[in-house]
Amino acid sequence: AVLHGSGKLFASNELTVGAEFREQGGERMGNSPGEWDKAEYAVFFHDEQILLRKLIFTFGARYNQDEIAGSEFCPQAGLVFHPRGGTILRGAVNKGFRSPQINELYLFPPSNTDLKPEKVWNYEVGLNQRILAGVDIDIVGYLIKGEDLIQKETNPNPPPMYKFRNTGEFDFRGIEAGLKAQIGAGLSVRIYYTYLDPGEKTRGRPGDKVDFALRYARRKLALSLTAQYVADYFAEDNWGEPISDYLVINAKLNYKIVPGFRVFLAVDNFLNRDYAIYVDLPGGSAGVYTMPGRAVTGGVSFSF
């Protein structure tokens with residue numbers, strides 16, 4: 001549950017304050033039954049101030065209290081600068097915090113009651129530049145430094161074979177670059193490239209990824225085409241168990257018969273490619289999974 005409210009302290013200012021409560025619970029059946037629950041409480045604020053009509057300064061903080069993991073204070077600050085029309089520069093720094101979840105602490109065989117919360121500092125700088133009317137590029141560089149990352153590791157004293165552990169410090173850095181174009185009244189295109197250097201923590205984290213989306217909408221008709229290319233992909237840390245590069249394309253057609261009533265046709269994995277992805281499932285089920293071949297779906301949708 002989240003409760004929040006906003007208001008102005010003075011001109012060109014927007015302040016938001018709030019509180020959040022979350023409770024988790026789980027029950028394990030079988031030979032070793034058990035039932036657990038835990039609660040998290042948080043209070044937070046976020047303030048945004050416009051300065052000299054070209055600068056937007058934001059700052060805030062969150063105080064989190066977890067019944068098991070304890071408390072954590074997480075500040076944040078950011079700056080957006082508009083030096084001239086069509087150009088936006090931005091930077092931000094913030095601290096993040098993730099408590100161990102019920103499934104990681106108790107429920108499944110890899111569970112570990114000694115887990116500590118993950119803590120990270122995020123730093124990013126970015127540029128958004130309008131090239132032509134309707135055409136923008138966006139570039140972001142980021143650095144994530146943290147400690148006590150929770151991962152499933154081989155258990156040196158089995159059983160079980162695997163156990164959730166805090167794996168020490170980590171350092172992720174990367175770049176995201178993209179182009180957005182609005183062509184005429186009905187056609188839009190987006191293409192984004194993501195580069196990630198996760199250091200030795202390569203499990204399930206692609207080093208290179210390209211996402212493409214094309215959408216055409218005209219009167220009652222809407223057509224979308226999406227594609228994703230993934231490379232430099234591994235199922236284990238330290239570049240272990242390489243996963244083959246893949247390209248997957250999906251298409252969807254929507255047609256509005258009357259207001260509130262649509263028919264659609266979707267084709268997933270249009271090229272019927274054989275490919276696999278790493279899925280981080282709870283318990284001992286995480287691993288590489290072969291994805292379905294071409295799938296065609298049709299139907300109707302109603303809205304009132």
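It should be emphasised that the depicted structure is a prediction, and the values quoted were computed from it without experimental measurement.
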Between [X] and [Y], is any pair of side-chain heavy atoms under 4.5 Å apart?
X    : Y    : result
R90  : N128 : yes
V248 : T226 : no
F45  : F59  : yes
D274 : T290 : no
H82  : I56  : yes
L3   : F21  : no
Y275 : N269 : yes
I257 : V300 : no

[X]-[Y] co-clustered via ILVMFWY side chain contacts under 4.5 Å:
X    : Y    : value
L265 : L271 : yes
L15  : L51  : yes
Y289 : Y246 : yes
I243 : V230 : yes
L89  : V140 : no

* In chain order, what residues pass the salt bridge (charged side-chain N to carboxylate O under 4.0 Å, His left out) check against D136, with sequence neighbours excluded? ->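 Here the qualifying residues are R130.
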
* To do: Would you mind listing every ring pair (Phe, Tyr, Trp, His ring centres under 6.0 Å) that reaches into residues 250-274, with sequence neighbours excluded?
  =>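 Sorted pair list: F261-F302.
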
Spacing of [X] atom [atom1] and [Y] atom [atom2] [to the nearest 0.5 Å]:
X    : Y    : atom1 : atom2 : answer
Y278 : E236 : OH    : CD    : 6.5 Å
N254 : S224 : CG    : OG    : 7.5 Å
E40  : I68  : CD    : CD1   : 9.5 Å
Y123 : N94  : OH    : CG    : 9.5 Å
E176 : Y195 : CD    : OH    : 13.5 Å
T58  : Q76  : OG1   : CD    : 6.5 Å

Closest non-hydrogen atom pair between [X] and [Y], with its separation:
X    : Y    : result
S71  : Y63  : CB-OH, 3.2 Å
E104 : L115 : O-CD1, 3.5 Å
S6   : E14  : CB-OE2, 3.3 Å
V288 : A276 : CG1-CB, 3.6 Å
F97  : C74  : CB-SG, 3.6 Å
A42  : N64  : CB-OD1, 3.6 Å

* Kindly check if the number of other-residue, nucleotide or ligand heavy atoms within 6.0 Å of CG (L9) is above 12? =>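 Above 12, so yes.
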
Are [X] and [Y] close enough for a salt bridge, meaning some N to O gap below 4.0 Å?
X    : Y    : answer
K201 : D237 : no
E147 : K116 : no
K38  : D66  : yes

May I ask you to decide if [Y]'s main-chain N or O and [X]'s side chain share a donor-acceptor pair within less than 3.5 Å?
X    : Y    : value
Q101 : S99  : yes
T297 : A266 : no
K163 : S111 : yes
D197 : R173 : no
N155 : N157 : yes

All N/O donor-acceptor pairs, side-chain side in residues 208-218, below 3.5 Å, sequence neighbours left out:
{"residue": "D208", "atom": "OD1", "partner": "Y193", "partner atom": "OH", "Å": "2.5"}
{"residue": "D211", "atom": "OD1", "partner": "Q228", "partner atom": "NE2", "Å": "2.8"}

* Full working for side-chain contact (heavy atoms from CB on, under 4.5 Å) between K180 and Y192 -> CA-CA 9 Å; K180 298 185 294 183; Y192 278 85; 3.6 Å; yes

* Working for side-chain contact (heavy atoms from CB on, under 4.5 Å), residues F10 and Q49 -> CA-CA 9 Å; F10 37 80; Q49 177 64 48; 2.8 Å; yes

* **Worked verdict on V263 versus L253 for side-chain contact (heavy atoms from CB on, under 4.5 Å)** => CA-CA 8 Å; V263 296; L253 175 69; over 6 Å; no

* To do: Start with the C-alpha distance between R98 and I150, add both sets of side-chain angles, then the distance that settles side-chain contact (heavy atoms from CB on, under 4.5 Å), and finish with yes or no.
  => CA-CA 9 Å; R98 189 180 83 87; I150 298 172; 3.8 Å; yes

